[in-house]
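Structure first, commentary second.
Excluded from the calculations below are hydrogen atoms, water molecules and symmetry mates; all remaining heavy atoms, backbone and side chain alike, are included.
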Amino acid sequence: MVRLALVAAVLAWTVYPTIGGPPLNVSFPPQPPADALANIIDDNYLGISYELSSFDTLWGQSVNRQPTAMQNYMSNIAARMSLPLNIRIGGNGMDGSTYVPTQTTIIEHTDPNAYFNDIPVNFGPGFFDILNGMADKVGPMRFTIGLSMRFPEDWTNVTTLGVAAREKLGDRLEALMLGNEPDLYAGHGEKEVYDIETYITEIGWALDALEEAGAITDVPIVGGPTICCGWKLKDILDAGLDKYPQYKFYSVQRYPQHACGGVNAKNTNITYYVTHSNLEDYLNWQRDGILRAQELGIPVIMSEYNNIACGGTNISSIFAMSLWSVDVGLKAATMNYSSIYIHTREFNIQYNLFDPPTPETGTEPGWRTGSPYYGALFLSEITSPGGSVVVDLNLNNSMTSPNATAAAYAIYDNAGTTRGKLALINYAEEPQEFRLPSGIASGLEYRLLEAPSILERTNISWAGQTVGDNGNLEGDQHTIEMNCENGCRLILPGPSAALVVLDDGAKLFKGNSTIASIGGYISAAKMNGPRVEASVVLLAGVIFTFFFY
């Protein structure tokens, strides 16, 4: 009935919105280019990356008191995938932390004066109980656990942690990630001098120790080198990393800007993030290494990404970053990354996916959702169970033109054999018309990621739904259907992104991914009363997004 009402409203409405630019013709070749078939991404292409130091404030301090908000945040992503949601726990802090098998608490902070970008902790076996507890509640998950490379004089703690991870996680253990940003060890003062040759030597020692302890076997389970800044993956492989069969994947991580030295013109430049052509340089920095890894038959993952390193700046939580997160995820798939992990940290970091009310009150409502989380919701629906291939369509020369305000991707289902989806992005503040020719599909459906402005921080929606203060999706799920037999026109509001599914493509998620309600172990918070969504009175704003030839 809702769809019939929408169609009737559209047919009756004769006032067309003002379009920001000329119509853009979208092509969708029947088959992807041959070289694109080298990277078929799985249906859990998107993962979530966490720092260790704040993990208990987000995932809880006991299995029986895990925040319902986090259960919902994770369920919203996992429900849109047919494969287990990948979770990575690592970062600089974990690289300097100590696993204490006798510790009864989840996490204990050991240095009250620690640098906020490198917070070491002690953590105990309960950490693994928390991981398993969340997977039991949310559904299938697989975990990548960071192991330190900072202390090569004694591998005891590394092997103890590796063995514990294997024993306690079992089949849920995705990988042991050996080291974090070793290319910065010398620059950060961890070691006086550190180069690739020394690193390769120490990798050999670490792998021998892990094998002797039984943490790794003949089945590849190691990830690395997790470089970010100074070294090239190709150089590391050539130096000898390619000789180690224990590697399941190679990992790199990258932020396009940083705020490590404070706020400046570069890390507050919104224009950079709404310019599609900037992604090529950002993601292509390890091109030679990725191609070499392909020759070896080993995937390369982006183990951590977000918009501005060292905690972000005042632009890190605006809607532009929702769109940018989507654009990066799609673009990375075209550049042979096999998976990507969007990163979140401790309370009040500006690029975070989500924050509890305070670090001490995670079990209560009042959580804040960051704009990058909406990008993660979009990305969780781009793939299909049979594997997907993504191609940048270079719409209006967007790959090279700094003036382009739109981008488009073709997504092929069934391991790249059939046309499945389109992803369209409109960075402009005005509506943009996208034209699809006849012969692509007889019909389609699509969902919108939208906000009133690229500067918006809270009034953001995916498929008509916003995230409530318990990680729950609020409002009705909006999916717009169109007849496209003779071609069709999609008019995207400005700014927004659309995920378009052709009639033969893998269908979008339908249903309620909220699994946990407020209650149970709330200490002092009051239940929120029912909310009347303002989007109901703005229904016409949704209606304008589709027209027929």
Side-chain angles (χ1 to χ4, degrees), residues 49-55 87-101 103 106-111 114-115 117-125 127-128 131 143-169 173-196 198-216 221-231 236 241 244 246-253 303-304 341 343 345:
S49 169
Y50 292 86
E51 290 282 341
L52 174 64
S53 62
S54 57
F55 198 71
I87 302 293
R88 173 229 182 198
I89 306 96
N92 290 327
M94 191 159 196
D95 214 29
S97 294
T98 302
Y99 178 66
V100 182
Q103 183 171 306
I106 307 299
I107 287 175
E108 291 182 359
H109 287 252
T110 58
D111 183 0
Y115 176 48
N117 284 316
D118 191 351
I119 303 173
V121 299
N122 290 344
F123 62 109
F127 166 70
F128 297 108
L131 298 182
F143 301 101
T144 293
I145 307 299
L147 302 180
S148 178
M149 285 283 294
R150 290 188 186 178
F151 312 107
E153 61 275 4
D154 185 0
W155 298 105
T156 302
N157 197 255
V158 173
T159 58
T160 301
L161 175 56
V163 170
R166 178 176 284 278
E167 292 178 348
K168 292 183 176 295
L169 294 177
L173 179 62
E174 171 69 13
L176 298 171
M177 189 169 287
L178 194 50
N180 186 77
E181 298 178 354
D183 47 339
L184 294 184
Y185 280 176
H188 285 174
E190 303 299 335
K191 303 171 186 290
E192 289 186 9
V193 179
Y194 201 66
D195 56 22
I196 292 175
T198 304
Y199 168 78
I200 293 296
T201 299
E202 293 180 358
I203 282 289
W205 296 344
L207 293 175
D208 287 345
L210 288 165
E211 278 194 345
E212 184 176 346
I216 60 178
I221 198 170
V222 175
T226 321
I227 51 174
C228 70
C229 310
W231 293 353
I236 299 171
L241 195 71
Y244 292 113
Q246 298 95 331
Y247 276 81
K248 183 176 186 176
F249 56 75
Y250 300 131
S251 54
V252 299
Q253 50 198 44
S303 52
E304 176 180 324
Y341 289 70
H343 192 58
R345 282 181 49 176

Asp95 CG to Leu52 CG distance, which is reported to the nearest 0.5 Å: 11.0 Å
Under a 4.5 Å cut-off applied to non-hydrogen side-chain atoms, are Ile145 and Ile89 in contact? yes
Looking at every non-hydrogen atom in both residues, tell me the closest pair between Ile227 and Pro182 and how far apart they are. CG2-CG, 4.2 Å
Asn180 pairs by side-chain hydrogen bond (donor to acceptor under 3.5 Å, both in side chains) with which of Thr226, Asp118, Asn92? Asn92
If every non-hydrogen atom of Ser148 is compared with every non-hydrogen atom of Trp155, which pair is closest and at what distance? O-CZ3, 3.8 Å
The side chain to side chain contact (heavy atoms under 4.5 Å, CB included) partners of Glu212 (sequence neighbours excluded) come to none
Thr159 and Ala215 have their tightest heavy-atom pair at O-CB, 4.5 Å
Val100 meets the side chain to side chain contact (heavy atoms under 4.5 Å, CB included) criterion, sequence neighbours left out, with Thr98, Thr102, Gln103, Asn122
Side chain to side chain contact (heavy atoms under 4.5 Å, CB included) filter on Thr160, not counting sequence neighbours, yields Tyr99, Pro101, Thr156
Non-hydrogen side-chain atoms of Phe128 and Leu173 separated by less than 4.5 Å: no
Nearest-0.5 Å distance, NZ of residue Lys248 to CE of residue Met177: 10.5 Å
Step by step, work out the side-chain contact (heavy atoms from CB on, under 4.5 Å) result for Gln253 and Arg88. CA-CA 12 Å; Gln253 50 198 44; Arg88 173 229 182 198; 3.5 Å; yes
Which heavy atom in Glu202 sits nearest to a heavy atom in Pro152, and how many Å separate them? OE2-CG, 3.4 Å
I'd like to check Met149 versus Ile203 (side-chain heavy atoms, cut-off strictly below 4.5 Å). Are they in contact? yes
Output, in order, the C-alpha distance, side-chain angles, deciding distance and verdict of side-chain contact (heavy atoms from CB on, under 4.5 Å) for Leu161 and Phe127. CA-CA 11 Å; Leu161 175 56; Phe127 166 70; 5.7 Å; no
Closest heavy-atom contact between Leu178 and Leu207? CD2-CD2, 4.1 Å
Residues at least two apart in sequence or cross-chain that pass side-chain hydrogen bond (donor to acceptor under 3.5 Å, both in side chains) with Asn117, listed by chain then number, are Tyr115, Arg345
Can you sort out the partners of Phe143 under ring pair (Phe, Tyr, Trp, His ring centres under 6.0 Å), two or more places apart, ordered by chain and number? none
So does Val252 get a backbone contact from the side chain of Ser303, meaning a donor-acceptor N/O pair under 3.5 Å? yes
Find out whether Pro125 and Lys168 are in side-chain contact, i.e. whether some heavy atom of one side chain is under 4.5 Å from a heavy atom of the other. yes
Check whether Ser97 reaches the backbone of Val121 with its side chain - one donor and one acceptor, N or O, closer than 3.5 Å. yes
Scan side-chain atoms only and decide if Thr144 and Glu174 contain a donor-acceptor pair under the 3.5 Å cut-off. no
Short side-chain to backbone donor-acceptor contact, Asp183 and Cys228, under 3.5 Å: yes
Supply the atom-to-atom distance Leu176 CG to Leu210 CG, rounded to the nearest 0.5 angstrom. 7.0 Å
Separation between OH (Tyr50) and CG (Leu131), nearest 0.5 Å, reads 10.0 Å
Would you sort out whether Tyr199 and Trp231 count as a side-chain contact (heavy atoms from CB on, under 4.5 Å), showing the intermediate values? CA-CA 11 Å; Tyr199 168 78; Trp231 293 353; 3.7 Å; yes
Who pairs with Asp195 by side chain to side chain contact (heavy atoms under 4.5 Å, CB included), at least two apart in sequence or on another chain? Glu197, Thr198
Passes side-chain contact (heavy atoms from CB on, under 4.5 Å), Tyr244 versus Val222? Steps please. CA-CA 10 Å; Tyr244 292 113; Val222 175; over 6 Å; no
With the side chain counted from C-beta on, respond yes when Tyr250 and Ile236 share a heavy-atom pair under 4.5 Å apart, and no when they do not. no
Nearest heavy-atom contact between Gly223 and Tyr247 is C-CE2, 3.8 Å
Evaluate the side-chain proximity of Ile107 to Phe55: yes if any heavy-atom separation is below 4.5 Å, no if none is. yes
